[in-house]
Amino acid sequence: MTDRKLYAEALKARENSYCPYSNFATGAALLAKSGKVYRGCNVENAAYGPTNCAERTAFFKAVSEGEREFEAIAVCGAVQGQVPDKACPPCGVCRQVMSEFCDGNFRIILYDPEKGTKAYTLDEILPQRFDLGEYK
Ligand code: THU
């Protein structure tokens with residue numbers, strides 16, 4: 001699975017975004033080590049707080065299907081109705097969820113205007129992360 005293909009899956013996932021409050025539509029495609037791809041979109045709520053980001057939707061779908069090991073996630077986002085033309089980096093809460101299941105080499109694939117996609121590692125976007133395992 002190439003980064004471009006995974007990013008294309010994220011764009012497909014974004015088509016199902018439910019974002020009547022922010023009008024900001026996001027999509028994610030999570031590649032498990034099993035080879036399966038799990039799509040996610042943002043799902044908003046009138047009470048705002050229960051809103052789920054695209055990345056967490058993808059993670060929770062995958063984990064609830066028994067997946068525990070992951071290679072990469074592609075993420076896209078833009079105002080609803082517009083084609084994403086810049087990177088949409090994951091929010092802090094989603095980075096923490098990635099941290100629960102992924103090591104520092106886990107790859108986050110974002111849009112790049114010049115190259116199409118650009119990959120970052122979890123270590124790069126979440127340095128000094130909280131890891132309970134360190135204290136045991
Ligand atoms: N959102 C995501 O889906 N992923 C992120 O990492 C940041 C934000 C969603 C949440 C909300 O539905 C909308 O984008 C605007 O914040």
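Ligands are counted one by one from 1 in listed order, and the atoms in each one are counted from 1 as well. Everything numeric in this text was worked out from a predicted model, so none of it was measured.
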Enquirer: Glu9 side chain to Ala29 main-chain N or O, any donor-acceptor pair under 3.5 Å?
Expert: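 Not a single qualifying donor-acceptor pair exists.
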
Enquirer: Considering heavy atoms of the protein only, find what lies nearest to atom 3 (O) of ligand 1 and give residue, atom and distance to 0.1 Å.
Expert: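 Looking at atom 3 (O) of ligand 1, the protein heavy atom closest to it is Thr26 OG1, 2.6 Å.
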
Enquirer: Enumerate the atoms of ligand 1 whose separation from the nearest heavy atom of Cys91 is less than 4.0 angstrom.
Expert: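 Those of ligand 1 that fall under 4.0 Å from Cys91 are 5 (C), 6 (O), 7 (C).
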
Enquirer: Is there a donor-acceptor contact under 3.5 Å from the side chain of Arg14 to the main chain of Gly77?
Expert: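 Not confirmed, Arg14 side chain does not pair with Gly77 backbone.
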
Enquirer: With respect to atom 11 (C) of ligand 1, which of Gln80, Glu44, Arg14 exhibits the smallest heavy-atom separation?
Expert: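 Of the listed residues, Glu44 has the closest heavy atom.
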
Enquirer: With a 4.5 Å cut-off on side-chain heavy atoms, are Asn42 and Thr57 touching?
Expert: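 Side-chain contact under 4.5 Å: no.
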
Enquirer: Check whether any protein heavy atom sits under 4.0 Å from atom 16 (O) of ligand 1.
Expert: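 Neighbour list for atom 16 (O) of ligand 1 is empty of protein heavy atoms (cut-off 4.0 Å).
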
Enquirer: If the cut-off is 4.0 Å to any non-hydrogen atom of Ser22, which atoms of ligand 1 fall inside it?
Expert: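 Per the distance check, 13 (C), 15 (C).
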
Enquirer: Centres of the Phe106 and Phe101 rings: under 6.0 Å?
Expert: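 Centroid distance Phe106-Phe101: not below 6.0 Å, so no.
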
Enquirer: Indicate yes or no: does an N/O atom of Glu55 lie under 3.5 Å from an N/O atom of ligand 1?
Expert: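 Yes, since at least one N or O of Glu55 sits under 3.5 Å from an N or O of ligand 1.
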
Enquirer: Among Asn23, Thr51, Asn42, which one has a heavy atom closest to atom 9 (C) of ligand 1?
Expert: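 It is Asn42 whose heavy atom sits nearest to atom 9 (C) of ligand 1.
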
Enquirer: Decide yes or no for Ile108 and Glu55: does some side-chain heavy atom of the first lie under 4.5 Å from some side-chain heavy atom of the second?
Expert: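 Sidechains of Glu55 and Ile108: no contact.
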
Enquirer: Checking Arg39 side chain against Ala58 main chain: does a donor-acceptor pair fall under 3.5 Å?
Expert: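 Side chain of Arg39 to backbone of Ala58: no pair is present.
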
Enquirer: What do you reckon, does Pro90 put a non-hydrogen atom under 4.0 Å from ligand 1?
Expert: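 In this structure, Pro90 qualifies as a contact of ligand 1 - some heavy atom is under 4.0 Å.
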
Enquirer: Can you list every pair that meets ring pair (Phe, Tyr, Trp, His ring centres under 6.0 Å) and has a residue in residues 23-45, with sequence neighbours left out?
Expert: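 Sorted pair list comes back empty.
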
Enquirer: May I ask you to identify, for Cys53, whether its side chain, its backbone, both or neither come under 4.0 Å of ligand 1 on a heavy-atom basis?
Expert: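 For Cys53, backbone and side-chain atoms both sit under 4.0 Å from ligand 1.
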
